[in-house]
Amino acid sequence: MLIKQLSIFIPNKKGSLSELTDILIAHNIDIRAIAVFDTAEFGILRIVVDDPDSALDILNREGVVAKVSKVIAVEPEDRPGSLNQIFTILKNADINIDYVYSFIMRKKEMPYIVIKADQQEKAVEELTAHGINVINKEEIYSK
Amino acid sequence: MIDGKIWSREETFEREEFERIQLERLKKTVERVYQNVPYYKDKLKEAGIEPGDIKTLGDLASIPFTEKDDFRKNYPFGLFASPRKEIVRFHASSGTTGKPTVVGYTKKDMDIWSELIARIVTMAGVTDEDTAQIAFGYGLFTGAFGLHQGLEKVGAAVIPMSSGNTQKQIMIMQDFGTTALICTPSYALHMAEVAREMGVDPKKDLKLKWGLFGGEGSTEGMRNEINERWGLFATENYGMSELMGPGVSGECKALRGMHISEDHFIPEIIDPNTGKVLGEGETGELVITTITKEALPILRYRTKDITSLHYEKCDCGRTTVRMSKIQGRSDDMLILGGVNVFPSQIEDVLLGIEGIGPHYQIKVFKKGYLDKIEVDVELVDADLLDSFALLERLNDKIRNQLRTVLGIEAKVNLVEPRSLARFEGKAKRVIDMREVK
């Protein structure tokens with residue numbers, strides 16, 4: 001049930017992001033979710049794309065340091081407290097969350113969120129057992 | 001004509017007199033190393049030279065060069081020509097491979113060192129009326145102790161402050177009535193800043209007259225700024241531990257270059273690429289042969305410093321040859337706050353760390369008046385992208401190793417792979433932005 005995300009090293013300089021998106025556009029790679037985590041010195045860009053493996057190839061060929069890793073995509077219900085519910089399930093199962101970011105939302109789509117946890121398989125089990133909709137990769141990539 | 005005392009008669013010898021003494025002492029030095037230093041004996045034999053072959057000063061050019069690497073190969077005492085019993089002092093400077101360059105002195109070497117320092121401090125204006133504050137670090141480096149003994153010899157009252165603790169430096173200057181400041185030019189500028197922050201106006205509150213600067217190169221711009229800020233008269237002096245330490249040469253008040261004590265050193269200028277000896281006034285690498293040293297006589301040492309030699313008599317009355325301000329280095333050694341660092345040392349540190357590529361760029365610049373260094377390295381290990389902690393750990397590791405191995409505090413920038421310049425032939429990995437004036 002895990003989906004693939006790309007982690008990309010971005011130097012802290014003007015234009016780093018657009019250089020990356022230029023590369024992805026040129027190869028018709030579509031970004032589904034995006035988040036940037038940065039410090040004063042450098043940043044890590046995390047994206048979910050429609051074709052992570054070929055995106056990695058392309059980026060590596062362009063000299064970009066990138067890595068494919070697995071994360072969980074879940075679909076919280078559209079009501080107050082639904083994120084709290086997800087985080088509580090994980091807390092009760094003694095699972096740590098490394099980071100969270102959300103999908104780019106489009107009309108009528110539910111706001112998926114991406115979770116990176118320390119015990120991912122267990123997290124998926126726990127969430128599913130509690131009735132949370134964990135999105136599988138086919139659903140993500142084919143959107 | 002510039003007035004001022006000349007410390008010793010030898011500084012005004014006629015050229016023929018210098019040449020006579022130099023030849024006599026060169027012969028003795030070659031004989032001494034041939035008999036006492038197996039490494040030199042082999043080296044001379046290999047070049048087909050016996051001590052008896054040195055008949056004129058021109059024969060010096062047939063002797064092989066000595067380089068910093070020869071010190072490394074002979075660490076620690078292999079080049080010494082005196083037995084341990086006769087050594088009374090050791091000093092050392094940083095080496096290219098972590099091992100320092102060790103130098104030693106006999107009692108006679110110490111006497112000559114003091115004498116030569118007495119000459120340069122006298123030509124810089126210092127007399128027995130002066131109070132001299134030494135703000136070089138006391139320790140293995142030759143700077144502080146070298147100046148110390150020569151200043152005492154001329155009768156100046158020496159304050160052995162050592163470097164650092166800048167506010168206290170200023171306080172002592174004020175309270176003791178320091179008239180001569182001895183340090184690196186960049187530290188002098190930094191101290192001036194601190195003095196200003198403390199509300200001390202050097203021109204009104206201090207009695208400084210002379211500044212004797214060395215340990216690193218400086219520009220005319222820096223000199224003017226030091227003179228202006230401190231209200232003193234700045235001169236520069238030159239030396240290196242392999243040759244003796246400070247005292248090889250120094251500027252007189254005429255500021256027409258640094259007078260080399262030719263009765264103790266024979267200078268040559270060579271083309272750094274071919275090794276060919278160049279003529280008077282031509283710019284090239286300074287090569288020095290010591291001709292009076294007992295413990296560590298050195299033949300044709302390649303200083304890597306780029307300068308030129310000028311023989312016409314100076315306005316100060318001295319006839320010793322003058323070397324112009326150092327214009328650069330023929331290797332890529334960096335002097336960072338008085339510490340010698342080779343880019344190759346930085347490279348060694350970087351190559352030992354996993355996760356980064358072999359390419360790097362070193363940027364050196366001034367922050368205030370202090371040297372700052374930044375090292376750009378390429379991140380190659382994508383696995384570190386899992387978390388910030390991993391990347392930051394890598395960054396810290398590089399910084400810590402540079403500090404431990406080289407004693408420098410560097411800022412480390414991780415950059416994308418293939419983003420740093422690649423070089424064909426000699427790499428230019430250092431961007432030195434310090435020379436703005």
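Quick caveat: nothing in here was measured; it's all calculated off a predicted structure. Lettering follows sequence order; numbering is per chain, from 1.
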Between chain A and chain B, which donor-acceptor pairs sit under 3.5 Å apart?
from, atom 1, to, atom 2, distance (Å)
B:Asp383, OD1, A:Lys67, NZ, 3.4
B:Leu385, O, A:Arg46, NH1, 3.0
B:Leu385, O, A:Arg46, NH2, 3.3
B:Asp386, O, A:Arg46, NH2, 3.2
B:Asp386, OD1, A:Lys67, NZ, 3.2
B:Asp386, OD2, A:Lys67, NZ, 2.7
B:Glu416, OE1, A:Lys13, NZ, 3.3
B:Arg418, NH2, A:Asn60, O, 3.2

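- For B:Glu193, the CD atom is densely surrounded, since the number of other residues' heavy atoms within 6.0 Å is greater than 12.
- At a 4.5 Å heavy-atom cutoff, A:Ile10 makes no contact with chain B through either its backbone or its side chain.
- Here the closest non-hydrogen pair linking A:Ile44 and B:Leu385 is CD1-O, 3.6 Å.
- Of all heavy-atom pairs between B:Ala382 and A:Ala66, the closest is CB-O, 3.2 Å.
- Of all heavy-atom pairs spanning A:Val65 and B:Val380, the tightest one is CG1-O, 4.2 Å.
- The nearest pair of heavy atoms linking B:Phe388 to A:Phe37 is CZ-O, 2.8 Å.
- Contact record, B:Leu414 with A:Phe9: O-CZ, 3.4 Å, taken as the closest heavy-atom pair.
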